[in-house]
> 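Questions regarding the structure given below will be posed in turn.
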Amino acid sequence: MAEQASFTIESPGGPREVTLTYERAGAGEPLLLLHGIGHHWQAWQPVLPILAAERDVIAVDLPGFGSSPALPEGLAYDLSSVVPVLDAFCRHLGIGRPHVAGNSLGGLLALELGRERLVRSVTALSPAGFWTQAERRYAFGTLLAMRQGARVLPLPVIERLSRSAAGRTALTSTIYAHPGRRSPEAVVAETLALRNATGFRQTLDAGRDVQFRDDVPEVPVTVAWGTRDRLLVRRQGVRAKQVLPGARLVRLPGCGHVPMHDDPALVARVVLDTSR
């Protein structure tokens, strides 16, 4: 059962209270899981049982996504605001410097947490921030189209589409290599998460000038990329390796942009290997 944590952070306008929803399971060293834009903590459900066998796993809804409320007025959805929020969240839970794994936007946040030395290790799955401007415009245009589709389709239509493999492909093939394997319930839930994400537009706007250019020394880093990623194409992984020369670059054969669903066992192994 998901829980909520409320805590105070400092902002230019004074202290602000932030509330985040999270799922926690397992025992061992702490491992924070961060989803991508428009998604929710349930993105990690396929790998949670594997990870929880060896780690104290905390899968969180980022601010303005899933069941987490929007950020308080005056707080931006950029790295300089969200990273301190995640650090304060971890300290509120008493987990110190966790390992972190993130996908897409979550991968970018994970790398920034590593750069700030707030975590023990980083696993970044198709992280944002290693794009050319043309690749970024393509990805943002695709995300906006997905968001618009989620907003205009009536719920009964989404539910009807989710009941067939062809319908699930129509709804989610941009982010999964094997969308037909997703359950109807999961497809409906994540389509509604995309529709209802209060932080979507502000997060997208904040990412327009983001380029990850700094190395992450002194922290073990793995960058993993699905060979069938249609949103952030895999050549961006080669650029990531150039920026992060000490990182391990891993191919995820047959996986799309959200690989946790396409090959849970492989993704879990990559995360656990990095966090040894």
> With a 4.0 Å cut-off, would you call Arg16 and Glu73 a salt bridge?
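So Arg16 does not pair with Glu73 through a salt bridge.
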> Any chance you could measure Arg151, atom CZ, to Leu192, atom CG, to the nearest 0.5 Å?
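Answer for the CZ-CG pair, Arg151 versus Leu192, is 13.0 Å.
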> Looking at Tyr22, is Arg24 sitting on its ring face, NZ or CZ under 6.0 Å from the six-membered ring centre and within 45 degrees of the normal?
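Checked: cation-pi criterion not met.
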> Would you call Arg120 and Glu218 a salt bridge, using N to O less than 4.0 angstrom?
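Salt bridge between Arg120 and Glu218, a charged N being under 4.0 Å from a carboxylate O: no.
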> Using atom types as modelled and distance alone, determine if a side-chain donor or acceptor of Asn103 lies under 3.5 Å from a backbone N or O of His35.
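Judged by distance alone, no pair lies under 3.5 Å.
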> Charged N to carboxylate O below 4.0 Å: is that the case for Arg234 and Asp229?
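Not counted as a salt bridge, because no side-chain N and carboxylate O are separated by less than 4.0 Å.
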> Please answer whether the main-chain N or O of Arg168 pairs with a side-chain N or O of Thr172 as donor and acceptor at a distance below 3.5 Å.
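Such a contact is found between Thr172 side chain and Arg168 backbone.
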> For Phe65 together with Phe200, are the ring centres under 6.0 Å from each other?
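Ring centroids of Phe200 and Phe65 are no less than 6.0 Å from each other.
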> Would you please indicate yes or no on a ring centroid separation below 6.0 angstrom for Trp131 and Phe212?
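When the ring centroids of Phe212 and Trp131 are compared, they turn out to be at least 6.0 Å apart.
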> Counting C-beta onward and ignoring hydrogens, is there a side-chain heavy-atom pair between Asp214 and Val243 closer than 4.5 Å?
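With C-beta onward as the side chain, the pair stays apart.
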> Just say parallel, tilted or perpendicular for the rings of His92 and Phe7, cut-offs at 30° and 60°.
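Judged by the thresholds at 30° and 60°, the geometry between His92 and Phe7 is tilted.
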> Supply the atom-to-atom distance Ser126 OG to Gln236 CD, rounded to the nearest 0.5 angstrom.
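One finds 8.5 Å between OG of Ser126 and CD of Gln236.
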